[in-house]
K.L.:
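This is the structure, below, for whatever I ask next.
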Amino acid sequence: MAAPSVSCGAAVPYRLFLAGRVSFAREQGLWKAAASGLQTGTRCQILRLKHSPAVTTTKNVAALRRESYTVDFIKKQIEEFNIGKRHLANMMGEDPETFTQEDVDASLSMGFSRQEYWNGLPCPPPGDLPDPRDRTQGSCIAGRFFTSGPAGEALTELIHVVFWRLLEKTAGPYVVHLRLGAVLPPGGEGHLETCRGDMCQEHRRAITYLFPSGLFEKRARPIMKHPEEIFPKQRAVQWGEDGRPFHFLFYTGKQSYYSLMHEAYGKVLHAEERQDQLRAKGLFSEKSKSKDLIGSRWLIKEELEEMLVEKLSDQDYAQFIRLLERLSALPCDAAEEEFVGRFRRTVTVQSKKHLIEPLQYDEQGMAFSTGQGKRKTANAEAVVYGHGSGKIEINGVDYLLYFPVTQDREQLMFPFHFLDRLGKHDVTCTVSGGGRSSQAGAIRLAMSRALCSFITEDEVEWMRQAGLLTTDPRVRERKKPGQEGARRKFTWKKR
Amino acid sequence: MLKGMTRLVSRVHKLDPGRFSHLGTQAPQCPVAHLDNQVPTERTRAISRTLENDPAKHGEQHVGQHYNISIQELKTVFPHGLPPRFVMQVKTFNEACLMVRKPALELLHYLKNTNFAHPAVRYVLYGEKGTGKTLSLCHIIHFCAKQDWLILHIPDAHLWVKNCRDLLQSTYNKQRFDQPLEASIWLKNFKTANERFLSQIKVQDKYVWNKRESTEKGSPLAEVVEQGIMRVRNATDAVGIVLKELKRQSSLGVFRLLVAVDGVNALWGRTTLKREDKSPITPEELALIYNLRKMVKNDWQGGAIVLTVSQTGSLFKPRKAYLPQELLGKEGFDTLDPFIPILVSNYNPKEFEGCIQYYLENNWLQHEKAHTEEGKKELLFLSNRNPGLLERLCAYL
């Protein structure tokens with residue numbers, strides 16, 4: 001297996017806690033000392049790390065102390081994950097390079113059957129294996145896709161080892177990295193992309209299909225995710241063997257934050273200097289920076305904390321944002337813009353894009369549209385016709401008779417009144433469940449959704465902002481034992 | 001032209017008190033402002049009001065318009081019988097205006113063309129709650145009063161089958177029960193409504209009330225009524241006598257009789273009254289109901305019977321029931337059969353507009369949006385053009 005090379009460029013920040021002896025020689029070449037300042041190339045602050053033998057957790061480990069993972073261990077996890085992803089793709093019959101886009105359904109339609117697959121194996125599916133340590137069950141996973149190559153046996157042995165060793169782990173989720181076949185493209189090691197592909201929906205569906213689990217706790221079921229998402233980020237030890245800290249700002253307590261501020265301020269000074277020079281030369285021109293800032297937002301405090309792996313206070317965060325805004329107000333060059341860009345996230349203008357059904361036409365040529373709505377336990381379905389006189393019929397009964405209370409009728413009126421279409425549509429709806437008020441709310445939601453087909457996009461956005469298109473998430477809270485109701489406690493008696 | 005001017009002036013005077021109360025400090029400028037505003041209200045009044053105050057002359061062109069009933073007429077013709085909310089409205093607006101509507105016009109047409117030699121025809125007004133059955137009945141009663149008929153108006157038959165505190169065993173017939181209070185109230189109102197007839201009609205039998213009092217044959221009906229009002233114990237019997245005599249004598253052609261019962265489905269339903277041993281009483285065991293049933297049978301001539309079936313106030317009937325069959329039950333329907341059903345429905349757009357204009361003229365709708373189209377559309381949607389609901393929506397809080 002190839003060692004992870006430095007060329008895995010878009011490097012994932014590793015923060016691994018290693019206890020034990022230092023071995024400088026190998027490490028210094030790989031990781032930069034923090035004292036030299038942060039480079040903008042890497043996103044992370046990689047600190048001097050130490051080696052230690054891999055920590056294998058035994059079954060008796062108390063989970064009180066945070067799990068510490070070795071560098072090697074994590075790296076191996078990532079490799080195996082990627083390989084497993086490729087093999088999953090192969091197994092599904094899809095192109096490994098672009099597996100993220102393929103649908104499980106498409107692959108299922110190719111006649112792939114789970115039962116068949118497992119039946120083709122000499123060894124039974126994982127659920128049936130009697131003894132996890134029993135490695136005498138020969139060579140394994142000789143599936144359809146198995147190509148016996150020179151790597152074959154070693155691979156399968158590795159599969160077992162990896163698979164079952166992971167099964168032994170008590171901490172953390174049950175991670176499956178399964179080499180399901182060995183269709184390795186030629187030049188095997190090259191495919192170890194450390195792409196940080198997120199394990200998308202299709203992968204997850206593939207895994208739930210291949211490993212159906214009867215466990216109720218969803219978090220205990222087999223998952224296949226990038227190790228980054230599973231193993232939590234940890235800080236490495238900040239000082240050397242002699243006790244001297246590596247970073248010059250260590251004694252501030254928040255070294256990453258202050259070093260970031262230091263850097264940002266340095267950039268601000270640099271930019272101001274340049275601006276003065278330009279002014280002196282007379283080449284200064286007002287440049288609008290608003291282009292970058294539209295459509296994106298600053299990192300929120302939690303995201304910044306996650307990035308720096310450090311706790312921040314609100315004032316710190318505010319100060320940092322102010323500094324960045326000051327920087328972005330000055331004319332910057334590409335490097336500075338890139339620096340600022342690291343702290344911005346895009347925001348979709350229309351944060352909620354939902355499908356707008358096209359209009360349907362019935363036999364008479366009248367345009368109509370359907371919508372569904374829910375509120376508490378009431379379900380409603382509404383059919384809104386394009387031309388009408390404002391009649392609303394619910395379960396075959398006129399709305400005046402169905403809702404004698406004015407409040408409910410006002411709820412029904414809201415979408416039409418909002419769009420100024422009060423007597424222009426006819427509605428027929430069915431509703432069931434819930435009470436009077438929740439039925440009215442459900443019908444209102446259904447009508448609003450149906451109306452979306454008749455109106456412009458802007459009006460849809462206004463409706464969304466008015467709250468007409470959002471399902472009300474409030475449901476009845478359960479009663480807890482030891483209390484009289486959901487919140488109400490029993491009468492407190494002093495004695 | 002002069003008529004227009006006098007109308008304008010009278011309108012200004014009428015509106016002034018209202019204006020003052022709302023505009024307060026701007027009082028001195030009011031008259032000037034009025035005259036400017038009168039021009040549009042002229043047009044709106046053309047929609048919502050008509051000068052034709054005689055129901056006999058109402059026709060298709062008056063549909064959706066309100067006509068005025070003077071307060072004195074109101075006192076004589078309607079001592080009882082108007083819905084309570086309408087009475088409040090009359091008191092608020094200081095005028096009684098009824099809207100002319102299609103079902104009432106239809107009925108009027110039939111009544112105008114009745115052949116008094118034939119047995120009395122039964123008309124049943126039915127419809128959903130709040131559509132205007134009682135007020136249509138009042139319209140008819142006003143017409144008949146103007147035409148000099150004798151009005152026998154039972155404002156709400158449901159009141160006679162529930163919430164009766166004092167039930168006496170009837171003196172006339174041991175199996176039946178008397179309701180002295182209701183009977184005496186009704187007699188009082190009947191007297192107010194038909195003063196002039198009571199002296200003309202002569203009783204054709206001798207009635208002995210007790211050892212000391214009796215009514216001779218040939219004495220005017222007024223005496224029977226007086227007896228019933230004064231001696232409350234005999235009120236129910238007095239009512240029975242009145243009904244019997246009127247029925248007998250209307251066939252002779254001396255006068256025309258209009259029997260108007262609101263909520264006639266009470267006669268054949270159930271009651272909530274109980275005997276001392278907690279067993280329920282059926283309607284026919286109540287003397288008032290028993291006599292009234294005889295009245296609505298069509299075995300007499302010289303008049304008409306106009307009835308209303310309503311769910312409001314009815315006992316043990318589902319809320320959504322409004323058809324005569326549902327409300328009357330089998331027994332009632334068979335007894336009333338054959339009858340002419342007249343459906344009273346919600347306002348049509350023109351009537352709705354007229355109603356809104358009427359409220360606006362009386363400054364009843366104070367919201368700024370009430371004048372605008374959107375406001376009207378909102379009201380339309382919320383009430384679905386139901387008169388009762390519209391009135392409740394526009395009411396004070």
Side-chain angles (χ1 to χ4, degrees), chain A residues 382 384-431 435-437 439-441 443-448 450-451 454-455 459 462-463 466 468, chain B residues 85 126-133 309-314 317-323 326-327 343-353 355-356 359 365 367-397:
Chain A
V384 175
Y385 292 95
H387 299 282
S389 58
K391 254 190 333 132
I392 300 187
E393 199 172 305
I394 306 173
N395 288 354
V397 175
D398 193 42
Y399 72 106
L400 198 70
L401 299 177
Y402 198 82
F403 290 127
V405 180
T406 314
Q407 176 198 331
D408 301 331
R409 270 172 283 133
E410 279 175 9
Q411 289 288 304
L412 295 192
M413 187 171 81
F414 185 14
F416 295 111
H417 185 243
F418 188 76
L419 298 169
D420 257 335
R421 279 166 180 251
L422 260 180
K424 301 199 185 138
H425 295 281
D426 265 348
V427 184
T428 314
C429 31
T430 49
V431 67
R436 145 193 91 94
S437 186
Q439 282 191 341
I443 298 177
R444 180 185 109 177
L445 182 61
M447 284 201 304
S448 317
L451 270 178
F454 290 96
I455 53 178
E459 287 180 324
W462 295 337
M463 280 226 285
L468 276 168
Chain B
R85 288 193 81 97
Y126 72 103
E128 309 233 324
K129 182 171 163 174
T131 43
K133 303 178 284 287
V309 284
S310 83
Q311 193 275 336
T312 335
S314 69
K317 290 282 179 236
R319 182 173 65 89
K320 306 239 167 108
Y322 72 98
L323 297 167
E326 295 164 354
L327 287 172
L343 173 66
V344 183
S345 56
N346 291 332
Y347 282 151
N348 57 30
K350 191 166 162 231
E351 288 170 345
F352 181 78
E353 189 63 34
C355 188
I356 297 278
Y359 286 141
L365 302 175
H367 200 271
E368 314 83 44
K369 271 217 189 146
H371 295 266
T372 59
E373 276 305 311
E374 298 104 41
K376 285 183 199 155
K377 276 196 213 164
E378 276 184 51
L379 283 171
L380 203 153
F381 186 99
L382 280 178
S383 63
N384 204 19
R385 290 204 289 260
N386 184 299
L389 270 181
L390 180 65
E391 197 267 320
R392 263 163 226 270
L393 267 182
C394 303
Y396 66 96
L397 291 168

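Residue numbers begin at 1 in each chain, while the letters A, B, ... track the order of the sequences.
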K.L.:
Need one label for B/Leu389: side chain, backbone, both or neither, based on atoms under 4.5 Å from any heavy atom in chain A.
P.N.:
side chain

K.L.:
Is A/Phe403 in contact with chain B via its backbone, its side chain, both, or neither, using a 4.5 Å heavy-atom distance?
P.N.:
neither

K.L.:
Taking all heavy atoms of B/Leu382 and all of A/Leu400, pick out the closest pair and write down the distance.
P.N.:
O-CD1, 4.0 Å

K.L.:
Restricting to non-hydrogen atoms, name the atom on A/Pro404 and the atom on B/Arg319 that form the minimum distance, rounded to 0.1 Å.
P.N.:
CG-NH1, 3.5 Å

K.L.:
Please look at A/Ile392 and chain B and tell me whether the side chain, the backbone, both or neither of the residue comes under 4.5 angstrom of a heavy atom of that chain.
P.N.:
side chain

K.L.:
Find the one option among B/Lys320, B/Glu374, B/Glu378, B/Lys377 whose heavy-atom pairs under 4.5 Å with chain A are most numerous.
P.N.:
B/Glu378

K.L.:
Taking every heavy-atom pair that is under 4.5 Å apart, which of A/Asp420, A/Thr406, A/Leu412 has the most such pairs with chain B?
P.N.:
A/Leu412

K.L.:
Minimum heavy-atom separation for B/Phe381 to A/Arg409, with atom names?
P.N.:
CE2-O, 3.7 Å

K.L.:
Please report the interatomic distance CG(A/Asp398) to CG(B/Asn346), rounded to the nearest 0.5 Å.
P.N.:
8.0 Å

